[in-house]
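Only one structure is covered here, and it is reproduced in the block below.
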Amino acid sequence: MNNTISLKSNSWIPQKVNKIHSKNNRKKSRIKLLLTCVFKPYGVTDEYGDALCSMELLNNQITREQGIHSPRSNNLSFGLYLLAENIGVPVTVLDFPSWKNFTHEVDSGNYTHIGITFIASNVTKTQRMANYIRRNTPETTIILGGHGTAIPDLEKIVDCDEICHGEGVTWLRNYFKENINRPIIHPVVGAAIKASIYGVPLMNKDGVIIPGVGCQNGCRFCSTSHKFNKKYTAFLSTGSDIYKACNKSEKKAGYTHFGLMDENFCKNEIQARQLLVEMEKEQKAYTFNTFSSAEAVTQMGVDFLVRVGVNLIWIGAESKTNIFEKTKGIDLHSLIADLQKHGISVLTSTILFLEHHNKKTIEDDINWAISLESDLHQFMQFGPVPGTPLFTDYFAKGKLINDFPWQHRHGQGTIWFKHPSFTLPETSVYLKNAFIKKYHAHGPGVLNMAHTAIRGYLTVKKEMEDRKTLGLTWDPKTLRYTRQTGYQSDHFMKLRLESIRKNALKFRPLLHTILKYAPNKQSALKSRTIIELFNKTFGPASIKDRIMDIMVKIISFWENRRFQKNGVIMRQPSLIREMYRCHQNK
Ligand code: SF4
């Protein structure tokens, strides 16, 4: 790592790095852009990567150490599709390329510009890609984007012409001299590929919606907040826009469940309220997985989240000591329990090796995290990531470990700064043991989600019946059910209840397999209780469910044998190659 630091401010103005290579004066008609992520294999330890940094969010850091109970999937590079859809030049998107795929594309000589998106831990892959471009098509302009661009003096590591800081659509429009105020067109994008559980491929039709980027909370360690200057930049500025993007995705690809990729969905209250109003108006009960901070979730209330269709919410709990504004004064235990009771699975996250952690307080925090009893939990190491105040602070104080390889700075291996209470090797052991402890305390995450889903169905059904008896109606102003003159049947909640029922039934064919591979007696008992609850609620399993149950058992048997023999199997996602507006070049 370089000793001088020059953290560049996030700017929408293109920054010239190397005037010799800049080809910005090309005739626009000749421009052809390739947008790519870094090359595979992912999650493999080699000179460019690390086994603990894969393209699988769930397996890598949420259901880690859960063996075959860990759902598998590869999330797409959503930003690339959004960029491609919203600039006027012909674009090819390359997602999950192998080295051969990438070099083949470069060797075609088709591209005047190549943009590579990457996170800091993938900078050595980016360096190799840039070197290849420079060697083989020296006329091509190299643009770097993504969170990795916050690495100080990046241009000394990666040979490039331009660095896109901040929000990319505006940056690229500006760069190509396009109208930056043109409305954003939301792409139709799937959430993941190669999704499977117990080795069984999942046919889920899940889409992704990106309402905006950034978060105003500005937590000291948070790269997503600081990349966008602690500001929220909306791509879809109203709830109506979000609804239209969902509806377009449903019409084009059949998606009805979405990952709502907003750092803090409930923080933008007006937008969230509008989304519900639109769905009610159109009688469309879409469902969502999303992120929100505890204080914003409390503000909007659980009734609202159920009604708007949140199936899973990620809440940053961070630490028992409540050192972050977003959790101050919030009873996280009761908030999480209330969400789960209403069918909303909760994914919490905490940070290990914070400044106040020593060998006792870290155990306190791990135990506290487990006591939250969330469905899923991410333990992540405190990480001074470039672009954050934490990085600047630690750099200035000389706390960062010089020459710590970038590919290992991902928060799931060892820390890369000097901690007064822990050696580096200890940090990886503490982290791994924390995941194992959570797993043994509460069982597989998929079992917890099944439990939440069936409990939610029962709670919401009962509450609807109670409201009918009491004459309570939804009040969109207060976001509560209140007694109003003239009770009206709540048709939208009937649709919502049906979506909750369908969500619960998705888990049914998995339950006997979860039981079979239960990690301990406690989990086996929990599995049996949940199976009984499903039977009591929905009656005996249908023939279709029984056939699926048998199929899952057979496939999981082989998956388990592979797992026992080889450990976690890192299956690589297939290449996605999409072209946009390329007809203009014909
Ligand atoms: S609330 Fe979450 S997204 Fe927002 S700054 Fe804090 S960690 Fe980042």
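One is the number of the first residue; the rest follow in order along the sequence. Each ligand, and each atom within it, is numbered from 1 in the order the structure gives.
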Using 30° and 60° as the class boundaries, would you call the ring planes of [X] and [Y] parallel, tilted or perpendicular?
X      : Y      : value
His408 : Phe404 : perpendicular
Tyr286 : Tyr243 : tilted
Tyr255 : Phe258 : perpendicular

Q | side chain to side chain donor-acceptor pair (under 3.5 Å) assessment of Arg496 paired with Ser499 | A | CA-CA 5 Å; Arg496 176 57 66 219; Ser499 79; 3.0 Å; yes
Q. Hey, does the Lys NZ or Arg CZ of Lys399 hover above the aromatic six-ring of Tyr394, less than 6.0 Å from the centre and inside 45° of the axis?
A. yes
Q) Distance below 2.8 Å from atom 4 (Fe) of ligand 1: how many protein N/O/S atoms qualify? A) 1
Q) Got Gln407 and Tyr48 here, is their nearest side-chain heavy-atom distance under 4.5 Å? A) no
